[in-house]
Undergrad: 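Before I ask anything, here is the structure I am working with.
Here is the naming used below: chain letters follow the sequence lines, and residue numbers restart at 1 for every chain.
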Amino acid sequence: MTDKKDNQETPKSLNFIEQMVEKDIQEGRNNGRIQTRFPPEPNGYLHIGHAKAICMDFGIAEKYNGTCNLRFDDTNPSKEEVEYVDAIQEDIQWLGYKWDKICFTSEYFQQLWDLAVQFIKDGKAYIDEQSSDEMAKQKGTPTEAGTASPFRSRPMEESLKLFEKMNTGEIPEGAMVLRAKIDMAASNMHFRDPIMYRVVNHPHHRTGTTWKAYPMYDFAHGQSDYFEGVTHSLCTLEFEVHRPLYNWYIDQFANSDYRPYQTEFNRLNITYTVMSKRKMLQLVQEGLVTGWDDPRMPTIGGLRRRGYTPASIHSFIDKIGYTKYEALNDVSLLESSIREDLNEKATRVSAVIDPIKLILTNYPEDQVEMMEAVNNPGDETAGKHEIPFTKELYIERNDFMEDAPKKFFRMTIDKEVRLKSAYIIKCTGCKKDEAGNITEVYAEYDPQTKSGMPESNRKVKGTIHWVSVEHSLPAEVRIYDRLFNVENPSEEKETDFRDLLNPDSLIVNTAARVEPWLKNAKHMENFQFQRTGYFNIDPDSTADKLVFNKTVGLKDSWTKKNS
RNA sequence: UGUCUCAUGGUGUAAUGGUAGCACUGCAGUUUUUGGUACUGCCUGUCAAGGUUCGAAUCCUUGUGAGACAACCA
């Protein structure tokens with residue numbers, strides 16, 4: 001495990017954005033200054049797709065000695081809430097990033113307003129009183145030019161007066177908008193007199209009722225970048241068509257030698273994973289999940305509670321890269337990232353999920369032996385822990401088979417198997433109820449084969465885990481599978497996505513037992529158990545419930561979960 | 001029948017005119033006190049057709065396919 005680090009690492013090739021940034025620095029664009037921003041709208045929780053953007057925005061600043069602001073793009077008060085503002089900050093911090101400054105687009109409302117007024121005075125904007133339907137009709141289609149609004153040549157003074165009114169409350173929502181006067185025949189639809197301002201009567205989570213007229217994304221984003229001093233405005237591919245407008249707005253007023261540049265990269269898509277905020281909100285509101293941080297959700301909080309570490313998310317993002325190709329990443333790449341990280345760091349513990357009683361017929365009735373188990377087989381410095389061993393144990397139901405096929409390495413009658421960290425035992429039989437279900441398994445232990453004794457080196461094909469019946473604790477176990485059962489949910493756009501929910505995404509199993517010392521191991525964040533998978537204690541958890549996570553980990557994994 | 005963008009193994013991503021490599025997945029094997037881990041090997045690729053060139057994944061042309069854009073969302 002240590003020589004892994006000794007391997008000389010081949011220098012990682014730069015992605016296209018890093019290459020661009022290095023070129024910009026060399027050529028002295030914006031005096032070689034690097035400033036980025038992460039601009040979420042506070043209308044939902046951050047998900048793994050945002051993590052990709054976060055790693056880019058903060059990562060570029062970190063790598064090239066620049067700065068990165070966290071800017072809340074809060075220009076639509078009807079959808080935004082303080083709850084989201086707080087959650088977003090927590091998630092970014094959990095990922096390990098620090099913003100240079102925290103800001104809000106709403107802080108620039110006055111500047112944007114003044115700028116809009118200037119646009120009107122310059123004859124570059126006008127108040128349109130048409131309905132949105134009328135405006136949509138005259139906008140044309142991507143293949144046909146649009147036609148001019150009857151208000152397009154409205155005198156500047158009139159527009160100015162009406163614009164003031166838009167912000168006093170006397171104009172109802174939808175009655176008028178401020179539009180930029182550009183080109184109704186432009187091949188880029190965004191140039192056909194885009195809306196700059198509209199009326200929203202919903203109070204804003206920060207500015208209250210101070211404003212009634214709110215800027216649209218296109219009029220706000222580039223300007224905010226400019227006001228802040230952003231040099232590299234990085235966003236996802238769907239904003240590509242907006243870039244000419246982004247530049248056009250800036251061209252209208254910027255007169256310094258500085259200007260921000262927008263660059264787009266591909267957004268994250270993962271198989272079996274829905275990342276639409278709208279749909280996630282619906283899952284939460286309809287109670288189909290327990291909340292935004294339900295472990296089945298692709299949110300940062302959900303992944304955290306499912307046992308993902310910040311390091312695993314970083315390594316995942318690192319592996320998928322940034323291009324302009326709209327990729328669909330296999331979820332196994334994400335899963336391998338957490339396995340890799342936990343395998344290295346996680347402490348191994350024992351737990352039996354689907355227990356069946358194993359009785360060692362020749363073991364003294366009241367004897368308790370403390371068995372020593374390593375915490376991490378790949379890391380000696382991780383230490384050891386003790387597990388109580390008794391005559392009556394629980395083993396996994398599927399670790400025993402009465403009529404076993406040849407390739408079955410675990411427990412079967414007349415065959416030897418090793419109890420991990422304890423003795424080699426030989427199965428002698430089992431007991432069944434009337435229905436034929438196995439209720440108990442019997443075996444004899446070999447006292448000479450306790451772990452550490454010379455005899456224990458005997459070759460035995462199988463090794464199984466166990467817990468002492470007397471010392472075990474019952475636990476609520478939740479088994480998580482994928483929330484969706486279609487490979488690419490985005491292909492099912494027309495379907496109600498709820499039809500795509502996997503009915504097995506959450507299975508509660510109350511029969512599980514865990515060994516007692518787990519209860520006292522609150523200081524440990526991560527646990528791993530090898531054949532069954534990986535354990536993780538939810539850092540938010542206070543209860544002793546366990547969550548079984550089927551997707552993460554080798555085949556299965558566990559997360560301790562709060563009630 | 002518009003504008004813009006993209007196309008490399010099953011998936012994702014490198015190679016920036018000079019040996020098509022890496023990771024994930026899958027399949028084999030070695031080691032193993034869990035069938036895990038670790039290590040080794042294997043499978044599979046430049047969308048197509050032309051052109052430029054000593055040499056093309058890379059440059060040019062045409063075609064094909066995919067995506068984005070017609071919200072008073074961001």
Undergrad: How would you label the contact of Thr75(A) with the nucleic acid (heavy atoms, under 4.0 Å): base, sugar-phosphate, or nothing?
TA: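 Sugar-phosphate: the residue Thr75(A), judged by heavy atoms under 4.0 Å, touches backbone atoms but no base.
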Undergrad: Determine, step by step, whether Phe104(A) and Arg71(A) satisfy the side-chain contact (heavy atoms from CB on, under 4.5 Å) criterion, reporting the C-alpha distance in whole Å, the side-chain angles of both residues, the deciding distance to 0.1 Å, and the verdict.
TA: CA-CA 5 Å; Phe104(A) 295 79; Arg71(A) 181 171 79 227; 5.9 Å; no
Undergrad: OP1, OP2 of rU13(B) versus side-chain N and O of Asn266(A): anything below 4.0 Å?
TA: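 Looking at the OP1 and OP2 atoms of rU13(B), one of them is under 4.0 Å from a side-chain N or O of Asn266(A).
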Undergrad: Would you sort out whether Trp466(A) and Asp399(A) count as a side-chain contact (heavy atoms from CB on, under 4.5 Å), showing the intermediate values?
TA: CA-CA 10 Å; Trp466(A) 49 271; Asp399(A) 276 350; over 6 Å; no
Undergrad: Quick one: label Gly174(A) by what it contacts on the DNA or RNA (base, sugar-phosphate, nothing), any heavy atom closer than 4.0 Å.
TA: base
Undergrad: Who passes side-chain contact (heavy atoms from CB on, under 4.5 Å) against Thr209(A), sequence neighbours left out?
TA: Pro203(A), Lys212(A)
Undergrad: Using side-chain contact (heavy atoms from CB on, under 4.5 Å) as the criterion, list what pairs up with Asn188(A), not counting sequence neighbours.
TA: His190(A), Phe191(A), Val241(A), Pro244(A)
Undergrad: Heavy atoms within less than 4.0 Å of RNA chain B: which residues of residues 46-56 of chain A have one? Give them sorted by number.
TA: none
Undergrad: Please tell me which of Met453(A) and Ile320(A) maps to the more 5' nucleotide of RNA chain B, matching each residue to the nucleotide holding its nearest heavy atom.
TA: Ile320(A)
Undergrad: On a plain distance test, is the side chain of Thr143(A) in donor-acceptor contact with the base of rU1(B) below 3.5 Å?
TA: no
Undergrad: Where along residues 175-190 of chain A does a heavy atom come under 4.0 Å from RNA chain B, residue by residue in number order?
TA: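 Residues of residues 175-190 of chain A that come under 4.0 Å of RNA chain B are, in numerical order, Val177(A), Ser187(A), Met189(A), His190(A).
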Undergrad: Testing Lys459(A), Arg458(A), Lys461(A) for salt bridge (Lys or Arg N to Asp or Glu O under 4.0 Å) with Glu416(A), which one passes?
TA: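 When Lys459(A), Arg458(A), Lys461(A) are each tested with Glu416(A), the salt bridge (Lys or Arg N to Asp or Glu O under 4.0 Å) holds only for Arg458(A).
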Undergrad: Applying a 4.0 Å non-hydrogen cut-off, can you work out what Phe408(A) is touching in the nucleic acid: base, sugar-phosphate, or nothing?
TA: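 Base: the residue Phe408(A), judged by heavy atoms under 4.0 Å, touches a nucleobase.
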Undergrad: Could you check Pro142(A) against Pro39(A) and say which one's nearest nucleotide on RNA chain B is further toward the 5' end?
TA: Pro142(A)
Undergrad: OP1 or OP2 of rA74(B) versus the side-chain N and O atoms of Arg198(A): is any pair under 4.0 Å?
TA: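 Checking rA74(B) against Arg198(A), a side-chain N or O does come within under 4.0 Å of OP1 or OP2.
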Undergrad: Quick one: Arg243(A) CZ to rU5(B) P, roughly how many Å, whole number?
TA: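 Interatomic distance, CZ of Arg243(A) to P of rU5(B): 8 Å.
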Undergrad: Treat a base pair as Watson-Crick or G-U wobble with both distances under 3.5 Å, then lay out RNA chain B in dot-bracket form, 5' to 3', with | for cross-strand pairs.
TA: .((((((..((((....[..)))).(((((.......)))))....(((((..]....))))))))))).....
Undergrad: Looking for any heavy atom pair under 4.0 Å, which part of the strands does Leu237(A) touch: base, sugar-phosphate only, or nothing?
TA: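 Counting heavy atoms under 4.0 Å across all strands, no contact is made by Leu237(A).
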Undergrad: Applying a 4.0 Å non-hydrogen cut-off, can you work out what Tyr325(A) is touching in the nucleic acid: base, sugar-phosphate, or nothing?
TA: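 The answer is sugar-phosphate, as Tyr325(A) gets under 4.0 Å only of primed atoms, P, OP1 or OP2.
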Undergrad: What does the B/S/- profile of nucleotides 20-32 of chain B look like, 5' to 3', with a 4.0 Å heavy-atom cutoff to protein?
TA: ---SSS------S
Undergrad: Are OP1 or OP2 of rU33(B) and a side-chain N or O of Ser451(A) less than 4.0 angstrom apart?
TA: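 No.
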Undergrad: Just how far, in rounded Å, is P of rU5(B) from CD of Glu238(A)?
TA: 16 Å
Undergrad: Tell me if the side-chain of Ser456(A) makes a donor-acceptor pair with the base of rU33(B), cut-off 3.5 Å, by modelled atom types.
TA: yes
Undergrad: Can you sort out the partners of Thr141(A) under side-chain contact (heavy atoms from CB on, under 4.5 Å), two or more places apart, ordered by chain and number?
TA: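 Per chain and number, Thr141(A) pairs via side-chain contact (heavy atoms from CB on, under 4.5 Å) with Thr143(A), Glu144(A).
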Undergrad: If a pair satisfies salt bridge (Lys or Arg N to Asp or Glu O under 4.0 Å) and one of its residues is in residues 126-135 of chain A, list it, with sequence neighbours excluded.
TA: Asp128(A)-Arg179(A), Glu129(A)-Arg154(A)
Undergrad: Under 4.0 angstrom, heavy atoms only, what part of the nucleic acid is Glu372(A) near: base, sugar-phosphate, or nothing?
TA: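 No contact.
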Undergrad: Scan nucleotides 15-19 of chain B against the protein and return all N/O pairs shorter than 3.5 Å with their distances rounded to 0.1 Å.
TA:
unit_1: rU16(B); atom_1: N3; unit_2: Gln19(A); atom_2: OE1; d: 2.9
unit_1: rU16(B); atom_1: O4; unit_2: Gln19(A); atom_2: OE1; d: 2.2
unit_1: rU16(B); atom_1: O4; unit_2: Gln19(A); atom_2: NE2; d: 2.0

Undergrad: Mind checking if Tyr322(A) touches a base, just sugar-phosphate, or nothing, with heavy atoms under 4.0 Å?
TA: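 Touches sugar-phosphate only.
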Undergrad: Who pairs with Thr323(A) by side-chain contact (heavy atoms from CB on, under 4.5 Å), at least two apart in sequence or on another chain?
TA: Asn266(A), Tyr325(A)
Undergrad: Hey, are Ser315(A) and Ser312(A) close enough side-chain-wise for a donor-acceptor pair under 3.5 Å?
TA: no
Undergrad: Using atom names, set out every protein N or O paired with an N or O of nucleotides 40-42 of chain B below 3.5 Å, distance rounded to 0.1 Å.
TA:
none

Undergrad: Not counting sequence neighbours, which residues clear side-chain hydrogen bond (donor to acceptor under 3.5 Å, both in side chains) with Lys63(A)? List them please.
TA: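 Partners of Lys63(A) under the side-chain hydrogen bond (donor to acceptor under 3.5 Å, both in side chains) test: Glu18(A).
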Undergrad: Taking rA23(B) as the reference, what is the distance to rA14(B) when you measure between their C1' atoms (whole Å, please)?
TA: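 The answer is 11 Å between these two C1' atoms.
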Undergrad: With sugar-phosphate meaning primed atoms plus P, OP1 and OP2, does Leu328(A) contact a base, only sugar-phosphate, or nothing at under 4.0 Å between heavy atoms?
TA: sugar-phosphate
Undergrad: Considering only atom P, compute the distance from rU46(B) to rG10(B) and round it to an integer number of Å.
TA: 9 Å
Undergrad: Check this for me, if you would: do Lys319(A) and Glu340(A) make a salt bridge, where the nitrogen-to-carboxylate-oxygen distance has to be below 4.0 angstrom?
TA: yes
